[in-house]
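Both ligands and their constituent atoms are indexed starting at 1 by order of listing. Quick note: numbers below take in every heavy atom, side chains included, and nothing from hydrogens, waters or symmetry partners.
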Amino acid sequence: MDIVILRDSAAVAAEGARRVRTLLHKKRDAVLGLATGGTPLAMYRRLVADYEQGRVSFAKAITFNLDEYVGLGADDPQSYRYYMNRELFDKTDILHSNTHLPVCADGDDPDSVGPVYEAAIRAAGGIDLQILGIGRNGHIGFNEPTSSLRSRTRVKTLTRETLESNSRYFDDPARQPKIAITMGIATIQEAAAVLLLATGEAKAEAVQQMIEGPVSAMWPATALQLHEKATVLIDDAAASRLQQRDYYDWISEQRRALESQYGGG
Ligand code: PGA
C-alpha cells in the first residue's frame with residue numbers, strides 16, 4: 001500500500017485530481033471507477049476546473065460508480081446519478097452514455113442488477129483506476145462490516161451508523177433508502193489500481209485499521225492490503241492515529257529522492 005500523507009483536504013483533492021489527469025493523458029479512453037460522498041467533491045471540482053482550462057478531457061473516458069441507492073431515480077437530488085451529473089458529468093465533455101451506476105430501475109429485480117453491472121465492467125475492459133472513500137466504520141463502496149471479502153456487485157443493507165452519517169443529506173428521514181446496490185470487494189480488488197481518499201479526524205480510526213490492522217471483514221477497507229496497486233491519499237487529521245507515521249514519512253522522503261535522481265512520479 002502506498003501511503004501519501006498530505007497537509008490538508010485541499011492537498012488531497014489536488015493530488016487526487018492530478019492522478020486522474022495523468023491517467024487520462026496516458027490513456028484517453030481510461031475506465032474510471034468513481035465514488036460519491038463528501039470526500040471526493042473537492043477533487044471533482046478541481047477536475048471540472050481543469051477541464052474548463054483545457055487541461056483534461058473526458059471525451060473518451062468510461063465510468064462506473066461504486067454504488068447507488070435502491071429506489072431513488074436519476075432525477076432525485078439524493079441519488080448518486082444526480083450527484084455525479086451535477087458534480088462532474090454535466091460540467092465536462094464526458095458522454096453520458098459512457099457513464100454507469102448500478103441502478104435498480106422501477107420494476108427491476110434488484111438481485112439481477114449486480115451480474116449485469118459486472119458484465120458491463122468486464123466488457124469495458126475492466127477498471128483502470130478506482131476512486132474510493134472510506135466510511136467511519138471502514139466500509140468501501142457500501143460494503144459494510146462483515147461483507148464478504150470476495151463479494152461482487154449486489155444488494156446491501158446499510159448499517160445504522162452509515163444511515164446516520166448520511167442522514168444529513170435527507171430532509172425527510174423516511175425518504176432515506178436503507179438499501180443500496182454496491183460493487184463488491186472482489187469487484188474493487190480487480191481494478192488495476194485503486195486510489196482511496198480520506199480526510200478529517202472522523203476517519204482516523206478507519207484509516208488506522210485499513211493500513212495497520214489485520215485483514216478482516218469487520219473493517220472492509222483492510223482488503224486493500226491485498227491489492228497490488230493501492231494508494232491511500234490522506235490528510236494529517238485522517239493520519240492522526242497511525243502508529244508508524246514516521247515510517248510513512250520516511251518512505252515518501254526516499255521516494256522523492258529516488259524520483260529526483262531517476263525521474264518518474
Ligand atoms: P464521505 O463518505 O466521503 O461522505 O465521508 C465516504 C464513505 O462513506 O465511503
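- In I134, the part holding a heavy atom less than 4.0 Å from any atom of ligand 1 is the backbone.
- Salt-bridge formation is detected for the pair D50/R55: a Lys NZ or Arg NE/NH1/NH2 atom is positioned less than 4.0 Å from an Asp or Glu carboxylate oxygen.
- Counting protein heavy atoms only, atom 8 (O) of ligand 1 is closest to H139 NE2, 2.6 Å.
- Here R256 does not pair with E259 in a salt bridge; the nearest charged N to carboxylate O distance is not below 4.0 Å.
- Contact check on D76 versus R175 returns a salt bridge, with a Lys/Arg side-chain nitrogen under 4.0 Å from an Asp/Glu carboxylate oxygen.
- With S151 contributing its side chain and I185 its backbone, the two residues share a donor-acceptor pair below 3.5 Å.
- Those atoms of ligand 1 that come under 4.0 Å of a heavy atom in G38, given as number and element, are 1 (P), 3 (O), 4 (O).
- Here the rule is side-chain contact (heavy atoms from CB on, under 4.5 Å) with M183, and of L132, I140, I121 only I121 fits it.
- Remark: distances from the non-hydrogen atoms of K203 to ligand 1 include one below 4.0 Å.
- Contact analysis puts R168 in contact with ligand 1, with a non-hydrogen atom separation below 4.0 angstrom.
- Note: an N/O pair closer than 3.5 Å links T39 and ligand 1 by distance alone.
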